[in-house]
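Data first, discussion second: the structure below is written as structure tokens.
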Amino acid sequence: MIPLCVPNISGNEGKYLAECVASTFVSTIGPFVTRFEKMVAEAAGTAGAVATSAGTTALHAALVAVGVRRDDLVICPSLTFIASANAISHAGATPWLFDLDQSSWTLDPELLAHELANGTERRGGELFHVATGRRVSAILPVFTLGIPADMDPIVEIGRARGLKIVVDGAAALGAIYKGRMSGALGADLTMYSFNGNKTTTAGGGGAVAGDDEALLARFRHLTTTGRVGADYDHDVVAFNYRMTNLQAAVGCAQMERLDEFIVAKRRIAARYEDAFRGLNGIGRFPDPEWAESPAWFSGFAFHGKRAGEKSLALRTHLREEGIDARPFWKPMHDQRPYADAPRTAMPVTDRLWPGIVTLPCSTHLTEAEQDKVIATVLAWCRG
Ligand SMILES: *Cc1c(COP(=O)(O)O)cnc(C)c1O
């Protein structure tokens, strides 16, 4: 089977892990954690970063750190991995699910402005959702496929209403928005994931990056049991969300190769695009003019009436031919845990999602393997 997206472990991972063992620094204190945080901050374009056990735990603690409270609503696109919505729930809040901007598959600033203008009201310096009476405290844009949302208007709209902004940039390292790096777009905190299917992995792990040193310190405090001093003294109900030195050792070896991996991802995406350009009824993955995509995933989307059927049939055929191809994140408004979450109408998401096909895009995918994928897709589409 040609896998969909698997880690490329062919650098210094083994060497650094052996250093952890030899030094006995295998747990949550160690030089690799510090080095990893520096590398993430540099790649995000921020003053600092704090590493965590996972992207999900980073998002949870980030929402708490910026002040999201029980019973709040947090604005979030419906098309995301369920971790974004779950992190909102873990913070005691509820996602307010939004439809997408069609050109980027990310949060639509016009829809955001419209919903805030028509569905919320200000009371005592805070913003409330009229239909549910809940406070709206934050926006959680998701950088779908690693592609930045149109952050300039989103930040402007959010700040004008006093909303905090926490970005789910799980796969966005290496992305550029209007010449700026993915962590430097005006959010309070930006989360990155180092799960095994991301462009760089730590085995598992996450981080937040940002420029507000006090906020990063609060986040670190919250993710490390809220300890003050050395004598089991804690000042807040906090979390144990630290990254271990073992994870960070793998993460450092991977981050050394981030640029190389992104070149590989973009080359893979470009070869698929060239190959499928002329096909009828197929749309490319988004390429908004404001962004340079890190091309985390490759694939395309069938459109038209039978898009969902075609996507399923092609994926089934590819798997029979030894090629892993999958659907993409099932939207939150179609998931049981979020059946009752407040939402906008979802015309773009509902039209788009069923037709999406993701294709093999590991950074060490060979040209011969990709040629096989391309030939199999072309034969199916023409046949
Ligand atoms: C991978 C991913 C996450 C979750 O990260 P974990 O490290 O697996 O917890 C969250 N959001 C998005 C959009 C992701 O792609």
Side-chain angles (χ1 to χ4, degrees), residues 4-7 36-37 40 44 49-63 74-91 95 97-98 100 104-107 138-149 151 165-175 182-183 187 189-209 219 223 239-244 246-248 250-251 254-255 261 265 285-286 291 293-299 326-332 335 337-338 349 353 356 358 361-362:
L4 186 73
C5 185
V6 290
F36 180 71
E37 289 176 341
V40 172
V50 179
T52 58
S53 55
T56 311
T57 55
L59 266 187
H60 176 198
L63 291 168
V74 173
I75 291 167
C76 167
S78 185
L79 186 75
T80 184
F81 180 57
I82 199 162
S84 332
N86 286 350
I88 294 168
S89 300
H90 296 325
L97 300 173
F98 270 60
L100 298 176
S104 62
W105 300 7
T106 57
L107 191 65
I139 306 174
L140 193 154
V142 178
F143 290 3
T144 315
L145 305 163
I147 299 166
M151 287 296 283
I165 300 170
V166 174
V167 165
D168 180 340
L173 279 180
S182 62
L189 293 170
T190 302
M191 178 281 271
Y192 301 98
S193 166
F194 299 90
N195 181 43
N197 72 350
K198 302 305 194 282
T199 301
T200 50
T201 183
V208 299
F219 178 88
T223 54
F239 313 104
N240 175 13
Y241 284 171
R242 281 177 283 206
M243 178 177 272
T244 67
L246 288 171
Q247 289 169 290
V250 175
Q254 291 271 298
M255 286 298 290
F261 285 172
K265 288 275 191 190
F285 274 9
S293 170
W296 171 44
F297 262 45
S298 278
R326 302 203 193 165
F328 195 49
W329 305 322
K330 183 176 176 182
M332 295 308 105
Q335 303 271 10
Y338 297 105
T349 306
W353 170 73
I356 301 175
T358 56
C361 57
S362 307

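Both ligands and their constituent atoms are indexed starting at 1 by order of listing. All values below come from the heavy atoms of this structure, side chains included, with hydrogens, waters and symmetry mates left out.
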Under a 3.5 Å distance rule, please check whether S362 uses its side chain to pair with a backbone N or O of V6 as donor and acceptor.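 Yes: the side chain of S362 pairs with the backbone of V6.
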Strictly distance-based, threshold 3.5 Å: is any side-chain N or O of S89 a donor or acceptor partner for the main-chain N or O of A85?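 Yes; judged by distance alone, with no hydrogens or angles, the pair exists.
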I'd like to check the side-chain hydrogen bond (donor to acceptor under 3.5 Å, both in side chains) partners of S84; sequence neighbours left out, ordered by chain and number. T80, D168
Please check if any side-chain donor atom of T200 sits under 3.5 Å from a side-chain acceptor atom of Y192, or the reverse.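 Y192 and T200 do not have a side-chain donor-acceptor pair below 3.5 Å.
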Taking C-beta and beyond as the side chain, do F297 and L4 meet within less than 4.5 Å on heavy atoms? yes
Could you pull out the N/O contacts under 3.5 angstrom between ligand 1 and the surrounding protein atoms?
from, atom 1, to, atom 2, distance (Å)
ligand 1, 5 (O), S193, OG, 3.2
ligand 1, 7 (O), G55, N, 2.8
ligand 1, 7 (O), S193, OG, 2.7
ligand 1, 9 (O), G55, N, 3.3
ligand 1, 9 (O), T56, N, 2.8
ligand 1, 9 (O), T56, OG1, 2.5
ligand 1, 11 (N), D168, OD1, 3.3
ligand 1, 11 (N), D168, OD2, 2.6
ligand 1, 15 (O), K198, NZ, 3.3

Would you mind telling me which of L145, L100, T106 makes a side chain to side chain contact (heavy atoms under 4.5 Å, CB included) with P286?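 Of all the options given, the one that passes is L145.
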